[in-house]
Amino acid sequence: MATPGSGFWSFGSEEGSGEAENPGTAKAWCQAAQKFTGGIGTKLCALLYGDGEKPTEAGAKEDLDSAEKTPACTCTNKPCSCQKADINYAFLHSTDLLPACNGEITTLSFLQDVMDILLQYVVKSFDRSTKVIDFHYPNELLQEHNWELADRPQTLEEILLNCRTTLKYAIRTGHPRYFNQLSTGLDMVGLAADWLTSTANTNIGKMIPSDLERRIIEAKQKGFVPFLVSATAGTTVYGAFDPLLAIADICKKYKIWMHVDAAWGGGLLMSRKHKWKLNGVERANSVTWNPHKMMGVPLQCSALLVREEGLMQSCNQMHASYLFQQDKHYDLSYDTGDKALQCGRHVDVFKLWLMWRAKGTTGFEAQIDKCLELAEYLYNKIKNREGYEMVFDGKPQHTNVCFWYVPPSLRSMEDNEERMNRLLKVAPVIKARMMEYGTTMVSYQPLGDKVNFFRMVISNPAATHQDIDFLIEEIERLGQDL
Ligand SMILES: Cc1ncc(COP(=O)(O)O)c(C=O)c1O
């Protein structure tokens with residue numbers, strides 16, 4: 001097992017059967033992350049602030065208590081409208097921002113500073129006397145600055161610096177002299193709408209290996225050619241993890257492509273406690289992973305990772321010389337456009353990179369462990385509580401807790417069709433009432449022969465034990481008369 005400070009978590013853990021030397025998950029994911037973008041370190045601080053003003057080392061900053069970090073605010077109404085406090089970001093981390101306790105001032109101040117950076121950039125973008133691009137060769141940027149994603153979090157000062165630096169080297173796509181058919185121009189209302197949607201962030205049975213093998217053999221006997229097995233690490237409704245190691249063995253035996261849909265479960269790789277649930281993912285040919293789910297990256301941010309180097313290029317490249325010229329003056333390996341299905345796209349990975357810089361791997365780990373712990377808390381609280389029935393036996397593997405709330409009027413009824421017909425209406429009515437009151441919201445759905453049940457999924461970093469208690473009380477308050 002890796003220790004914090006030795007880089008991204010090594011695969012395999014005390015709880016699972018991970019292969020320590022496997023060149024798979026940890027390395028592959030780490031490489032993927034590194035390729036997304038990088039970090040900006042002390043050299044860049046020196047460049048932008050001058051050597052004398054470099055922030056002190058993170059370790060020296062951590063002894064300050066929160067009162068020293070953030071000046072006290074005496075306003076009674078929060079968020080308050082007091083003057084922007086004199087906050088020293090060199091002593092602050094993303095954990096000091098909301099939903100942190102008393103995080104309002106720091107959050108307002110931080111977001112105002114981000115806004116200032118963005119507004120200055122917007123205004124400058126339209127100034128013809130400024131450069132369209134402050135061009136530096138990609139390898140120069142890589143050599144001169146530290147782009148690493150570390151286990152430890154960066155300070156908010158460094159995060160703001162990352163924002164400034166990114167904009168400093170980015171193409172000013174709104175500049176009147178930037179001519180491109182895909183991403184040119186900067187519409188103010190469109191920008192406002194983009195900020196708005198990002199701010200609102202409007203966003204889980206298992207595979208039986210013996211059954212899989214039987215079906216492959218049957219298909220082959222009928223003359224079909226099975227070529228892909230799509231396993232799931234964290235199913236949408238139940239949050240179940242397919243047995244990836246056994247599936248990998250079968251895929252290898254029959255030479256079948258192994259894909260793992262880790263859209264929902266991939267985030268658990270950040271946790272040394274829970275990553276064993278994905279053991280075997282390192283043997284997949286391809287993996288999908290949505291940081292916009294469990295990791296809380298604002299919508300949208302999805303990754304497709306493929307094992308074979310060069311595969312995306314060979315499948316998707318169109319050699320469209322009118323788009324991807326081969327005689328540019330910089331290293332063309334940085335032109336990734338020809339590898340992808342899409343041509344024009346949003347730089348979704350920047351959100352993940354900046355969040356990773358700010359939280360460090362340990363921060364993401366804590367966030368994910370907390371969600372799993374809250375799900376266990378909910379499960380323990382309702383599994384033997386009067387009026388609740390669990391949809392599947394045993395402790396949930398992910399944060400999906402699936403249950404029926406059975407109102408008092410149904411509790412003594414025989415388990416027959418009439419009871420089923422009444423039970424299926426319970427969750428929709430409670431959900432509708434939740435929405436009308438606006439107090440809380442939780443998903444429900446039927447699955448197979450199981451009538452409507454609640455599916456609680458916890459990926460919201462702001463949720464606490466009190467919020468789980470509230471949910472239970474609210475379900476009972478809104479459903480007791482049904
Ligand atoms: C296991 C799994 N795969 C894929 C998806 C699709 O996710 P998206 O549309 O956000 O990419 C979901 C959505 O919930 C999911 O749970």
Side-chain angles (χ1 to χ4, degrees), residues 25 29 32-33 36 194 197-208 212 228-244 247-248 251 257-271 274-282 284-306 312 316 340-342 344-352 355 364 367-368 371-372 374-375 391-392 396-403 427 431 441-448 450 452-461 463:
T25 309
W29 284 62
F36 287 156
D194 196 26
T197 49
S198 288
T199 306
N201 201 19
T202 50
N203 120 29
I204 218 151
K206 277 191 208 186
M207 201 183 284
I208 303 167
L212 170 66
L228 173 113
V229 171
S230 183
T232 308
T235 58
T236 306
V237 179
Y238 290 168
F241 287 79
D242 285 337
L244 301 178
I247 293 168
C251 288
W257 182 279
M258 178 180 171
H259 176 74
V260 178
D261 176 348
W264 171 230
L268 270 59
L269 284 167
M270 291 285 183
S271 161
H274 296 285
K275 67 185 168 62
W276 63 272
K277 294 169 189 171
L278 288 102
N279 280 355
V281 71
E282 71 279 8
N285 299 93
S286 56
V287 179
T288 44
W289 168 47
N290 283 356
H292 68 227
K293 292 192 159 61
M294 192 63 195
M295 292 166 70
V297 176
L299 272 172
Q300 62 192 46
C301 182
S302 306
L304 170 63
L305 307 174
V306 289
M312 296 302 282
N316 295 319
L341 287 170
Q342 295 161 281
R345 76 184 57 70
H346 201 254
V347 190
D348 290 317
V349 76
F350 182 73
K351 296 171 284 194
L352 173 62
M355 284 174 69
F364 267 129
Q367 181 178 321
I368 278 150
C371 290
L372 272 287
L374 281 178
V391 175
F392 57 88
Q397 283 193 288
H398 205 310
T399 70
N400 308 47
V401 184
C402 299
F403 61 92
K431 170 76 182 269
M441 279 176 73
V442 57
S443 304
Y444 75 86
Q445 76 280 288
L447 189 68
K450 297 186 186 339
N452 282 324
F453 55 88
F454 284 116
R455 169 172 46 118
M456 177 66 171
V457 171
I458 306 169
S459 57
N460 183 346

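By convention here, the first residue in the shown sequence is residue 1. Note that these values count all heavy atoms, side chains included, but never hydrogens, waters or copies made by symmetry. Indexing begins at 1, ligand by ligand and atom by atom, following the structure's order.
- The number of heavy-atom neighbours closer than 6.0 Å to CD1 of I208, taken from other residues, nucleotides and ligands shown, is 12 or below.
- Among residues two or more places apart in sequence or in another chain, the side-chain contact (heavy atoms from CB on, under 4.5 Å) test is passed with A231 by M207, D242, L244, I247.
- In N290, the part holding a heavy atom less than 4.0 Å from any atom of ligand 1 is the side chain.
- F392 pairs by the side-chain contact (heavy atoms from CB on, under 4.5 Å) definition with Y238, P396, C402, not counting sequence neighbours.
- Using modelled atom types and a 3.5 Å distance limit, the side chains of S286 and H259 yield a donor-acceptor pair.
- In terms of N/O distances under 3.5 Å, ligand 1 is not approached by T232.
- Heavy-atom contacts of D261 reach the following atoms of ligand 1: 1 (C), 2 (C), 3 (N), 4 (C) (cutoff under 4.0 Å).
- Taking 4.0 Å as the cut-off, Q300 does not count as a neighbour of ligand 1 on heavy-atom distance.
- Close contacts of ligand 1 with G234, meaning ligand atoms under 4.0 Å from a residue heavy atom, involve 1 (C).
- Under a 4.0 Å criterion applied to the non-hydrogen atoms of A263, ligand 1 contributes the atoms 2 (C), 3 (N), 4 (C).
- Atom-to-atom distance recorded for T399:OG1 and L374:CG is 9.5 Å, nearest 0.5 angstrom.
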